[in-house]
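Values reported hereafter were calculated over all heavy atoms of this structure, with side chains retained and with hydrogens, waters and symmetry mates removed. It should be emphasised that the depicted structure is a prediction, and the values quoted were computed from it without experimental measurement. If you read the sequence from its start, that first residue is 1, and numbering goes on from there.
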Amino acid sequence: MTELIWEGKYDKDGHKVAPLRVRLPFQTVETVNESVQQRQRTLDLFSSGRPTEWRNRLIWGDKKYVLPALLEEFAGQVNLIYIDPPYNTGQDFSYRTSVDGEEFTKEPSIIEQKAYRDTWGVSIEERASGKTPIDKYLQWFYETVILLRELLTEDGTAYIHLDWNMGHYAKVVADEVFGKERLRNEIIWYYTNKLGTGGNTFDKHHDILLVYVKGERWYHNPLMRPVKEQKLQPVTQKINGERVWLRDEEGKRIYEMGRAETKVGDVWEVPYINPVAAERLGYDTQKPEALLERILQASSNSGDLVLDCFVGSGTTAAVAERLGRRWIACDLGRFAVHTTRKRLLSIPGVKPFIIQNLGKYERQLWQAAEFGEHAEERVLAYRRFILDLYHARLITGYTWLHGIKAGRMVHIGAVDSPVSPGDVTQIAAEFKRAVGTGKDAPATNGIDVLGWDFAFELNEVAKQQAAQANINLRFLRIPREVLEKKAVEQGDIRFFELAALSVDLKQEGRAITLTLTDFVIPPDDVPEDVRQTITNWEQWIDYWAVDWNNRDDTFHNEWQDYRTRKKRELQKTISHTYEQPGTYIIMVKVIDILGNDTTKTLKVEVH
C-alpha cells in the first residue's frame, strides 16, 4: 500500500505518533435561555441521579483537548461532522467589529496566534512570506481526523471543507484514516460573486468538500433543486412489458410539463456571502447558511447530533438549531464563542444551550507536565515560572507573597481555584506584617495579584477594602497563552488588569430594576485605533446578561441584550419581579467589544 510519509508521523521507534488522549472534564460556565422551571427540573434530575435533558453545547477551547474530552461521552454518537479548518492562510482568527458604526479589524489575540503557530509551525508574519510547513499541517490534520472518526456513529458522515491550497494533501491523509473506499464525494462549492485574486492567474471561485463515511452504510438524502426551464414531455405507461405513449379520447398523444426538480450533483453553486448580507458577521472565512443547509439536509435527520470543532461565527450551530438537529460547537477563539452565542440568541424559539470550557483541569494537566508530580516542588516551580514571565523576582519566607516587581509585592494565584476574598484578606494581612522586616520587605504600598480566575465582584470590593487599609491593590489576569510554549519562547506574554463594572439597583417591593452606570476597561488591552474611537463608556459594551437567582453553580443567562448590525443601541436598564420572598443573588455579566467578560454580583432581600 502506498503511504504518504511526513516528518513527525513516526517516532524514533517507528510507531505512529497518536493524538493526545487525556480526557479532561468539561466545566459548564453558563446556561443560556433556560427558564426557571427548566433550571429546577435539571437540578431535580441531577440530584436524583437521573439523566438530565439534552442541552446543545458551545465549547471554548483548543480542539486538541476538547476532542479527547468529548470521546468520553460521545464516541460513536455523532451523526454528522462538518469542519472548516484553517486553510494555511494566516487570516482565520481575524474578525471585523465596530464601535458606533465605525468598523475595525480585530487582529488575532496572542493565544489565537500561538495556536496558529503551534498548528502550522510558523508565525502569521512568516506565513505571509509564503513559507508552508507541510509536515506540521499533515500531522495536525492526521491527529484531528483520527479523533473525529472515533466520534462518528457507524453510519455517520464527515464533511471536510478545504480549498485548493491544502485539499489534495488532506485527501490523502483522510484516505488513510477513513479508508480510501469510504470517500463518497468530492463536492465542488462553486461561487462567482467573490472578488478574484487578480494578477497573472485564473480567479479562484471554488472550495472543495471531502465527504467521508465511517461504515458500510450511511444516511444520504438526495437533494433536489428547481429546474429553471420546464419542457413538455410525453406521458407514458408500461403495458404488457412495454412502455407506450398514452393518448386521449381523440387519439392524440398526451403531454405534461417536465419535472419541476432535478437531482443535485457534486457541483454546488451557492453564492458567497456578500458584504452587506444580513447574515454577514465580520468573519472573512464565514460560510453561507445555504451551504450548511445542504450538508445537514443531505446527511442528517431531525434530532441527529452534529459537531463542528472550528465553528467560527457559528454557521453550523445556527443552521443545526433551525433544522432541529442537536449540536456541539467548539472554537479556540473567545470572540468566536461570543459571536456564536449572539447568533443563536437571534433565532426565534432557540432551545436552551450551555457554554463550557476545560478550565482548571487543562491548567492542572499543564502544571503537572511542566513542573513535575511532587506537589511542593511543582507549586514553587510554577510560581517561579509565572514570576519570570511577569518580570518579577521570586521571594521566599512568606505564604501569600511570592515575588517583587518595581517595589510592588506579587501574589500568584493557584491554577485550580479562583482568587477569593479570603485570599485577599490573607495577602493584605501578611503584607502588613512584612512591612519594615528587612530583606524582601515591601518597599511600596502596592500589591499585584495575578490569577487565572477571580471570584465575582472581587475587583471592586477588594480594592475598596484595600484602599481603606492604605494598600494599592491591582488584579491582573494570567493569560491562557502561558500554556503555549511558543508564546513563552517568543516573549509575547502580557498580563492585563481586570475591567470594572458599575450597576445601580433599585427595589420597590418585589420589583428590582438594574441599570448599567459605568464600565472601565484598562486601556493597555485595547488597540490604539479603537481607543481613539471611544468617547463614552457605553461604547465598550457589546452584550450584557442577567442571572436573577445565582446559586453559585454557574451563570444562568435568563435575560440578555446585545448589539447587532441593525440594532446599535444597547438597553441599559432591565426590571424583574420576584414571585417569592427570599434572599437573592443577582449576577450581571458584560461582554466588551473585544469578547472579554466581566461580572458583578448584587444581593437583594425580597419580602
Could you list the residues that satisfy side-chain contact (heavy atoms from CB on, under 4.5 Å) with [X], not counting sequence neighbours?
X: L570; value: I541, W544, D561, R563
X: E269; value: Y190
X: P348; value: none
X: E72; value: R23

Under the rule for side chain to side chain donor-acceptor pair (under 3.5 Å), what residues qualify as partners of [X], not counting sequence neighbours?
X: N301; answer: Y219
X: K214; answer: none
X: W327; answer: E321

Exercise for the section: Please identify each residue that fulfils salt bridge (Lys or Arg N to Asp or Glu O under 4.0 Å) with K342, with sequence neighbours left out. Expected result: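 Here the qualifying residues are D542.
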Problem - salt bridge (Lys or Arg N to Asp or Glu O under 4.0 Å) against K351, all qualifying residues, sequence neighbours excluded - result: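 Expected list: none.
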Handout entry: Basic-acidic side-chain contact under 4.0 Å: K589, E30
Key =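 A salt bridge is present here (some side-chain N lies under 4.0 Å from a carboxylate O).
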Practice task
Identify, with sequence neighbours excluded, every residue that meets ring pair (Phe, Tyr, Trp, His ring centres under 6.0 Å) alongside F26.
Solution key: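 Not a single residue meets the ring pair (Phe, Tyr, Trp, His ring centres under 6.0 Å) criterion with F26.
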Exercise for the section: Keeping to residues at least two apart or across chains, list the side-chain hydrogen bond (donor to acceptor under 3.5 Å, both in side chains) pairs with something in residues 303-316. Expected result: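 Checked against side-chain hydrogen bond (donor to acceptor under 3.5 Å, both in side chains) - neighbours excluded - the pairs reaching residues 303-316 are D308-T316, S313-R343, T315-R343.
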Practice task
Would you please classify the geometry between the Y578 ring and the Y584 ring as parallel, tilted or perpendicular, with 30° and 60° separating the classes?
Solution key: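 Ring orientation, 0 to 90° scale: parallel.
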What pairs of donor and acceptor atoms, side-chain ones from residues 273-281 against any protein atom, are under 3.5 angstrom apart with sequence neighbours left out?
{"unit_1": "N274", "atom_1": "OD1", "unit_2": "V276", "atom_2": "N", "d": "2.9"}
{"unit_1": "N274", "atom_1": "OD1", "unit_2": "A277", "atom_2": "N", "d": "2.8"}
{"unit_1": "E279", "atom_1": "OE1", "unit_2": "E289", "atom_2": "N", "d": "2.9"}
{"unit_1": "R280", "atom_1": "NH1", "unit_2": "Y283", "atom_2": "O", "d": "2.8"}
{"unit_1": "R280", "atom_1": "NH2", "unit_2": "I273", "atom_2": "O", "d": "2.8"}

Exercise for the section: Could you check W218 against L152 for side chain to side chain contact (heavy atoms under 4.5 Å, CB included), going step by step and ending with a plain yes or no? Expected result: CA-CA 11 Å; W218 60 93; L152 276 177; over 6 Å; no
